[in-house]
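Note sheet for the following structure.
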Amino acid sequence: MTEKSRRIAAFYLMISPWFIIFVTLGLFPLLYGLYLSFTNYYGFNMNNLKMIGWHNYDLVFSDSDAMYALGRTLYFTAINVPLGTALALGLAILLNRSIRGGGVYRTIFYLPSLVPVISTILMWKIMFSGNGGILNAILNVFGIDAVNWLGYDHATTSLIIMTLWGAGGGILINLAGLKGIPKDLYEAASIDGAGAFQNFRRITLPLMTPIIFFNVLMGIIGSLQVYLQPILLNGSELLARPIQPNYLYVVHAFQQIFASQRFAYGMALLWVLFVVILALSIVVFLTSKYWVYYETDRER
Amino acid sequence: MQARGAMRFTIGNLIIYALILLCSVIFLFPMYLSLVNSLSAWYTLPTIVPSSFHFENFKFATTLIDFWTFARNSLILCGISLVTSTITSGLVGYAFARIEVPGRGFLFMIILSTMMLPGIVTQIPTYILFYKIGFINTYWPWILGGIGGNAFFIFLYRQFFSAIPKEMEEAARIDGCSIFRTYWNIFLPLSFPVVATVAILNFQGAWGDVITPFMFLKPEHYPLATALSIISYTASGTKQIITQVSIAAGILFMIPVVLTFFLGQRFIVEGIVTTGVKG
């Protein structure tokens with residue numbers, strides 16, 4: 001064997017575990033799910049599937065529960081992603097100052113993002129609980145009336161607060177980005193008499209846009225798929241229906257599939273979500289050339 | 001910069017310290033609170049200040065349900081995915097970092113794009129397929145999923161291996177080392193930081209996973225994550241959830257995750273901060 005073919009053989013041998021599993025347990029199920037979404041599969045008729053065309057997709061768009069859930073999910077995403085991204089960036093900027101004990105604070109901000117969902121929910125249930133809940137006790141000190149945090153009016157706010165508590169997961173990537181900004185830019189700016197706000201506005205923010213872009217993209221993809229937190233925040237079993245405002249899209253798909261055995265319809269629901277995620281990602285990519293700063297631009 | 005920093009020490013830094021302290025308090029508060037309430041008497045209302053210390057709540061957390069059986073199930077699942085995924089992700093990452101072949105860039109783009117694929121869209125059809133093959137209530141989903149590696153881990157490995165100087169493998173090749181031996185004897189011993197990072201992230205992911213076991217396993221094989229999300233702590237004969245014991249269980253459940261983070265913090269932080277997201 002020549003050196004080159006030896007290399008090619010080694011390369012493909014080494015990536016084969018990933019590649020085989022990717023094709024069989026990634027690509028194939030993806031397309032298989034697409035196929036099922038055009039059938040009448042409901043769990044017991046695997047040997048007797050009928051192609052029913054776009055019927056399931058028509059159902060999705062006339063299913064008021066699905067459309068309501070999609071709306072709530074977009075609302076949740078529209079609030080959660082900007083706030084989460086800003087919070088992670090803000091905390092990283094605070095930590096990036098050479099402060100004493102920086103490592104300790106970094107750990108404190110990062111730790112909540114590590115806490116498993118189950119523990120997070122148990123913790124926040126005490127914060128949110130209605131009578132005698134801790135948040136209400138704190139509001140009381142400031143003379144604000146108690147709020148039913150897990151009730152109809154505030155359930156989504158509570159869900160967002162709980163999610164933001166884990167926003168520190170993004171600080172590591174942000175810190176990496178901040179460390180990559182050349183110090184001489186700030187030195188030059190300070191000679192020109194720039195203040196802290198101008199430094200942030202003209203140097204930090206533009207140079208951080210590639211990281212912000214990444215965080216926004218991943219945030220959107222993640223937020224649109226949230227389902228465990230809303231289910232468990234109000235209920236105490238996986239097939240429980242969350243309170244109406246937290247009835248998010250994947251919760252609906254989950255209900256259809258596991259509670260009602262409507263597999264084909266559930267797959268149609270999930271493929272609609274996939275297309276929504278794809279569309280939003282493309283929008284973020286297309287707009288990125290207007291707001292994301294790439295280093296290669298400067299080199300040219 | 002230094003001089004300016006010193007000049008503005010009094011006002012600027014004071015505000016920053018105040019902000020950092022405030023944020024720290026906010027982030028730590030729910031954890032403090034759950035500790036306090038896990039020690040309170042049964043069926044009491046949540047409190048901010050501890051009034052009693054019922055350490056036996058932690059014992060009840062492990063005796064009112066089959067806690068240790070579920071914990072053992074958790075460890076089995078974690079063990080499977082930790083061993084398989086840490087090894088194969090390393091192999092794949094190495095191939096992408098160090099072996100130049102045509103088509104490599106394209107394949108790597110595919111790996112990166114799978115990170116953006118919504119997991120739930122493939123999970124459900126995989127469940128249906130595994131159900132048909134008879135993989136339900138077996139560990140095959142974890143073994144196969146682990147062998148497939150994980151896009152993010154592959155990415156971390158690739159970044160790490162790319163930074164190792166080329167002379168290393170040239171020397172090995174002159175000595176007649178095969179590509180696999182070069183990986184095993186030269187690269188792996190150098191890569192403890194990235195192996196530790198991947199192993200820990202892997203463990204934490206598998207430990208907290210609620211939904212995969214829910215789909216593929218029977219209740220008696222559920223790990224803690226799934227068990228705690230469907231079983232409530234109640235005293236015999238009642239339906240009222242004992243919040244204090246539930247929280248104690250929640251704390252016990254997060255201890256391994258927090259512990260592994262502190263053990264590997266140095267590597268995780270370094271690994272992510274130095275590789276960053278720039279491909």
Side-chain angles (χ1 to χ4, degrees), chain A residues 7-8 10-11 14-15 17-18 21-22 25-26 29-30 32-33 36 46 91 94 97 105 108-109 112 114-119 122-124 126-127 129 132-134 137 165 168 172-173 175-177 186-187 190 211 214 221 225 228 232 236-238 250 257 263 266-267 270 273-274 277 281, chain B residues 1 4 16-17 19-20 23-24 27-28 30-31 33-34 37 45-46 48 88 91-92 94-95 99 101 107 114 116 118 120-122 124-126 128-129 132 144-145 147-149 154 179 204 207-208 210-211 214 225 228-230 232 241 246-247 250 253-254 257-258 261 269 272-273 276-277:
Chain A
R7 246 187 311 149
I8 292 176
F11 178 82
M14 283 174 115
I15 71 160
W18 164 75
I21 298 293
F22 166 68
L25 294 186
L30 190 72
Y32 182 65
L36 284 180
M46 198 34 121
L91 291 174
L94 283 181
R97 302 290 183 123
Y105 298 117
I108 292 175
F109 297 163
L114 275 180
V115 176
V117 179
I118 302 301
S119 305
L122 287 168
M123 280 182 193
W124 280 90
I126 343 172
M127 298 284 285
S129 60
I134 298 299
W165 184 63
L172 292 189
I173 281 174
L175 275 174
Y186 293 109
E187 276 161 31
S190 84
I211 308 256
F214 175 82
I221 295 170
Q225 295 183 71
L228 211 51
L232 293 174
S236 51
E237 52 165 325
L238 287 173
V250 176
I257 291 169
F263 287 97
M267 283 321 303
L270 290 177
L273 178 72
F274 188 24
I277 289 178
S281 305
Chain B
M1 181 89 177
R4 265 177 71 88
I16 286 167
Y17 269 110
L19 270 174
I20 287 182
C23 291
S24 301
F27 275 95
L28 284 178
M31 295 199 216
L33 210 59
S34 34
N37 284 280
L45 288 177
I48 299 180
T88 47
L91 269 178
V92 179
Y94 176 77
I99 311 178
V101 297
L107 283 168
T114 59
M116 292 168 48
I120 191 88
V121 182
T122 55
I124 307 287
T126 307
I128 297 170
L129 282 171
K132 275 171 65 183
L144 294 176
I147 288 175
I154 293 173
I179 292 175
Q204 293 173 341
W207 183 261
V210 173
I211 214 67
F214 174 73
L228 289 179
S229 60
I230 57 164
S232 308
I241 296 170
S246 303
I247 297 163
F253 179 63
M254 64 182 270
V257 172
V258 173
F261 171 73
V269 171
I272 295 177
V273 170
V277 286

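Residue numbering restarts at 1 for every chain, and letters A, B, ... go by the order of the sequence lines. Note that the coordinates shown come from a computational prediction; the quantities given were computed from them, not determined experimentally.
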>> Working to the nearest 0.5 angstrom, can you tell me the gap between A:Met123 CE and B:Met254 CE?
In response: 4.0 Å

>> Which atoms of A:Ile257 are under 4.5 Å from chain B, going by heavy atoms: the side chain, the backbone, both sets, or neither?
In response: side chain

> Atom OG in B:Ser34, atom CD1 in A:Ile134: separation rounded to 0.5 Å?
Replying inline: 10.5 Å

> Parallel, tilted or perpendicular: which describes the rings of B:Trp207 and B:Phe253, with under 30° parallel and over 60° perpendicular?
Replying inline: parallel

> Given that the side chain runs from C-beta out, which part of A:Ile221 has a heavy atom under 4.5 Å from chain B: side chain, backbone, both or neither?
Replying inline: side chain

>> Less than 4.5 Å to any heavy atom of chain A: does that hold for the side chain of B:Ile241, its backbone, both, or neither?
In response: side chain

> Does the pair A:Phe11 and B:Ile179 meet the rule for a side-chain contact (heavy atoms from CB on, under 4.5 Å), with working shown?
Replying inline: CA-CA 9 Å; A:Phe11 178 82; B:Ile179 292 175; over 6 Å; no

>> Below 4.5 Å, heavy-atom pairs only: which of A:Pro116, A:Gly33, A:Ser281 has the largest tally toward chain B?
In response: A:Pro116

> So what's closer than 4.5 Å to chain A heavy atoms on B:Thr88: side chain, backbone, both or neither?
Replying inline: side chain

>> Taking side chain as everything from C-beta outward and backbone as N, CA, C, O, which of these in A:Leu228 sits under 4.5 Å from a heavy atom of chain B? Side chain, backbone, both or neither.
In response: side chain

>> If you count heavy-atom pairs within less than 4.5 Å of chain A, which of B:Gly148, B:Gly250, B:Ala225 leads?
In response: B:Gly148

>> Taking side chain as everything from C-beta outward and backbone as N, CA, C, O, which of these in A:Ile118 sits under 4.5 Å from a heavy atom of chain B? Side chain, backbone, both or neither.
In response: side chain

>> Could you work out, with side-chain hydrogen bond (donor to acceptor under 3.5 Å, both in side chains) as the rule, every residue matching A:Gln225, not counting sequence neighbours?
In response: none

>> Quick check on the interface: out of B:Leu107, B:Leu19, B:Leu228, who has the most heavy-atom pairs with chain A under 4.5 Å?
In response: B:Leu107

> Roughly how far, to the nearest 0.5 Å, is the CE atom of A:Met14 from the CG atom of B:Leu91?
Replying inline: 4.5 Å

> For the atom pair OG1 (B:Thr122) and CG (A:Leu25), what is the distance rounded to the nearest 0.5 Å?
Replying inline: 9.0 Å

>> Run the side-chain contact (heavy atoms from CB on, under 4.5 Å) test on A:Ile277 and B:Val121 for me, step by step, so that the C-alpha distance in whole Å, both residues' side-chain angles and the decisive distance to 0.1 Å come before the verdict.
In response: CA-CA 11 Å; A:Ile277 289 178; B:Val121 182; over 6 Å; no

>> For chain A, which candidate among B:Leu129, B:Thr126, B:Leu28, B:Ile247 shows the most heavy-atom pairs at distances under 4.5 Å?
In response: B:Leu129

>> For chain A, which candidate among B:Val210, B:Ile154, B:Val258, B:Thr114 shows the most heavy-atom pairs at distances under 4.5 Å?
In response: B:Val210

> Out of curiosity, A:Ile211 CD1 to A:Leu175 CG, how far, rounded to the nearest 0.5 Å?
Replying inline: 10.0 Å

> So what's closer than 4.5 Å to chain B heavy atoms on A:Leu36: side chain, backbone, both or neither?
Replying inline: side chain

>> Is A:Phe109 close to chain B through its backbone or its side chain, or both, or neither, when contacts mean heavy atoms under 4.5 Å?
In response: both

> Highest number of heavy-atom pairs under 4.5 Å with chain A: which of B:Val257, B:Asn37, B:Leu33, B:Ile48?
Replying inline: B:Leu33

>> Quick check on the interface: out of B:Gly208, B:Ser229, B:Gly149, who has the most heavy-atom pairs with chain A under 4.5 Å?
In response: B:Ser229

> Which region of A:Leu232, side chain (C-beta onward) or backbone (N, CA, C, O), has a non-hydrogen atom less than 4.5 Å from a non-hydrogen atom of chain B, or is it both or neither?
Replying inline: side chain

> Do A:Phe263 and A:Met46 come close enough that some side-chain heavy atom pair is under 4.5 Å?
Replying inline: no

> Considering only heavy atoms, which portion of A:Val250 lies under 4.5 Å from any heavy atom of chain B: side chain, backbone, both, or neither?
Replying inline: side chain

> Do the side chains of B:Met31 and A:Pro112 get nearer than 4.5 Å, heavy atoms only?
Replying inline: yes

>> Report which part of A:Trp124 has an atom under 4.5 Å of a heavy atom belonging to chain B: side chain, backbone, both, or neither.
In response: side chain

> Which atoms of B:Ser232 come close to chain A, meaning under 4.5 Å heavy atom to heavy atom: side chain ones, backbone ones, both, or neither?
Replying inline: side chain

> Quick one: side-chain hydrogen bond (donor to acceptor under 3.5 Å, both in side chains) partners of A:Tyr32, sequence neighbours excluded?
Replying inline: B:Lys132

